[in-house]
Amino acid sequence: MAEKIYVASRKGLLEFGEAKGGWTMTRASFVGEPVSAVLPDARDGTLYAALNLGHFGVKLHRSEDGGKTWNELPAPAYAPEPGDKGNGKDDAKGGPSVSLIWTLVAGGADQPGILWAGTIPGGLFRSADRGESWALVESLWNLPERAQWFGGGYDEPGIHSVCVDPTDSNKLTLGVSCGGVWISADAGESWQLGGTGLRNEYLPPDMAETRVLQDVHRLAQCKAAPNVIWCQHHNGIFRTDDRGINFTEIETARPSAFGFAVAVHPADPKTAWFVPAVKDECRVPVDQRMVVSRTTDGGASFEVFSDGLPEGPSFDLVYRHCLEIDGAGERLAMGSTTGNFWVGEDGGASWTLVSNHLPPIAQVVWGPGN
């Protein structure tokens, strides 16, 4: 069965299929509308798409036929608070509203129907009925430490990474920007603050290692060894071997340790990929030359690949959810803020440009073919 790649972009959800050794766009859904997240659920073949329509709010859709037709679902939402108008908008006394569905994640193989949604402003939502209804995970929302969370690239904090342990679906590890790493062993009933070893160098020295203030950019968990999670952090690259409690900083990364995206090999926890950039004011490729870096020895050393990528000047930035490895661990998909979309072969050693005229890309994800 040929694979598909779904591309969530500022102007729609784009589907690419492989034919005659190349990739071509086979379908476009929600044309002209910003798609913030997409989830092909391998458990039952259902496809989910989250939209951010600005003035019209956050929307959620589900397809039972691979994207041919769509049905709208209720989007995650906070319960009205005293003073709330009840229409999802705040007034002077109202409560929060979901401004972005940043990630959609399927529950475990033994949890049919369960979905997780990480949102801005820092809410984790759970659905037990394939998105027909959603409940805020209040155990996380009500943590006293949440008051210290703050926004990174957005004005408010957000949950962008939800790692579900494939060997125990009750074990969750979350990445929050900016709020650190949070771990649950009981499907979200209780939470432990992880992230020992992470550091934010842009904070005052006495606050740099404060775990609840860490600017985590992305977490990627190895399916075959789920205790191993790679972290692309604002301050560098880190790895944990105990599911997020303790992290080790990787100091050999080149040409830069800054970036947003990370992918880990599904069967080899020592192999991971990154897209280096210049941080803070610039946020462009190092020397304006696009490269992908890879470690195959747990971070002891890195290779840098550029075959098929623009030599420069390049201004491509690859966001958190825009680098992904396929299920076999053989090919990667990557999309950029400037609308370039590549497929990587040979473990990322070479890249093929599929399109260089797409809208800005928010996520790429592999899915099953027809």
Side-chain angles (χ1 to χ4, degrees), residues 103 105 107-108 116 118 122-124 126 137 139-150 152 157-201 203 206-253 257 259-272 274 295 297-300 320:
T103 187
V105 176
W116 300 95
L124 177 67
R126 181 183 184 271
V137 179
S139 57
L140 184 70
W141 184 255
N142 293 328
L143 286 171
E145 295 91 338
R146 193 182 63 79
Q148 300 179 63
W149 298 3
F150 61 97
I159 298 172
H160 49 68
S161 299
V162 181
C163 300
V164 180
D165 190 320
T167 63
D168 184 346
S169 301
N170 290 321
K171 294 181 178 180
L172 307 173
T173 304
L174 309 183
V176 184
S177 181
C178 302
V181 175
W182 290 88
I183 304 163
S184 176
D186 50 17
E189 292 293 326
S190 63
W191 296 92
Q192 171 188 0
L193 177 59
T196 298
L198 300 177
R199 64 182 183 92
N200 265 356
E201 65 180 12
L203 292 175
D206 61 334
M207 300 171 63
E209 297 184 10
T210 303
R211 291 178 295 157
V212 75
L213 302 179
Q214 292 304 311
D215 190 354
V216 177
H217 280 184
R218 182 73 168 133
L219 299 178
Q221 185 174 40
C222 179
K223 292 181 180 179
N227 282 343
V228 176
I229 299 176
W230 288 84
C231 172
Q232 176 64 72
H233 187 281
H234 184 94
N235 194 61
I237 294 171
F238 298 80
R239 191 193 71 243
T240 174
D241 297 322
D242 54 16
R243 210 166 52 84
I245 299 173
N246 299 285
F247 284 83
T248 300
E249 185 168 1
I250 307 300
E251 299 180 350
T252 56
F260 289 93
V262 52
V264 60
H265 195 287
D268 180 5
K270 293 184 178 181
T271 297
F274 304 85
T295 179
D297 52 16
R320 289 166 171 83

Discussion item. Can you confirm whether the side chains of D297 and T295 place a donor and an acceptor under 3.5 Å from each other?
Written reply: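 Yes - a donor-acceptor pair under 3.5 Å links their side chains.
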Worksheet entry | Single hit among E209, R211, Q214 for side-chain contact (heavy atoms from CB on, under 4.5 Å) with L198 |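 That would be Q214; it is the only one of E209, R211, Q214 passing the side-chain contact (heavy atoms from CB on, under 4.5 Å) with L198.
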How close do [X] and [Y] get, counting heavy atoms only, and between which atoms?
| X | Y | value |
| --- | --- | --- |
| L219 | C163 | CB-SG, 4.0 Å |
| H160 | V176 | NE2-C, 3.9 Å |
| C231 | V216 | SG-CG1, 3.9 Å |
| L124 | L174 | CD2-CD1, 3.9 Å |
| I159 | T103 | O-CG2, 3.9 Å |
| C222 | H265 | SG-O, 3.4 Å |

Taking atom [atom1] of [X] and atom [atom2] of [Y], what is their separation to the nearest 0.5 Å?
| X | Y | atom1 | atom2 | answer |
| --- | --- | --- | --- | --- |
| Q221 | S161 | CD | OG | 10.5 Å |
| T240 | N227 | OG1 | CG | 8.0 Å |
| D165 | T173 | CG | OG1 | 7.5 Å |
| D186 | S139 | CG | OG | 7.5 Å |
| L213 | E145 | CG | CD | 11.0 Å |
| D242 | F247 | CG | CZ | 8.0 Å |

Item to complete: Applying side chain to side chain contact (heavy atoms under 4.5 Å, CB included), run through V228 and V264 and close with a yes or a no.
Response: CA-CA 9 Å; V228 176; V264 60; 5.6 Å; no
Worksheet entry | Listed partners of E201 passing salt bridge (Lys or Arg N to Asp or Glu O under 4.0 Å), at least two apart |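 E201 satisfies salt bridge (Lys or Arg N to Asp or Glu O under 4.0 Å) with R199, K279 once adjacent residues are dropped.
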Discussion item. For the backbone of P269 and the side chain of W230, can you confirm whether one donor and one acceptor N or O come within less than 3.5 Å of each other?
Written reply: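 Yes: the side chain of W230 pairs with the backbone of P269.
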Worksheet item: Okay, side chain of R126, backbone of V137: is any donor-acceptor separation there less than 3.5 Å?
Response: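 No, the answer is negative, given that no donor and acceptor are paired below the 3.5 Å cut-off.
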Contact between [X] and [Y] at the side-chain level, heavy atoms closer than 4.5 Å - yes or no?
| X | Y | answer |
| --- | --- | --- |
| E189 | N170 | no |
| W141 | R146 | yes |
| R243 | I229 | yes |
| N246 | T196 | yes |
| L193 | W182 | yes |

Discussion item. Holding to ring pair (Phe, Tyr, Trp, His ring centres under 6.0 Å), I want the full list of residues that pass it with H233, two or more places apart in sequence or in another chain.
Written reply: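 For H233, the residues satisfying ring pair (Phe, Tyr, Trp, His ring centres under 6.0 Å) (neighbours in sequence not counted) are F238.
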Discussion item. Before you tell me yes or no, could you show the steps for T210 and L203 under side chain to side chain contact (heavy atoms under 4.5 Å, CB included), namely the whole-Å CA-CA distance, both residues' side-chain angles and the distance that decides it to 0.1 Å?
Written reply: CA-CA 9 Å; T210 303; L203 292 175; 5.7 Å; no
Discussion item. Once you measure the plane-to-plane angle for H217 and H234, does it fall in the parallel (<30°), tilted (30-60°) or perpendicular (>60°) bin?
Written reply: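 Rings of H217 and H234: perpendicular, as their planes differ by over 60°.
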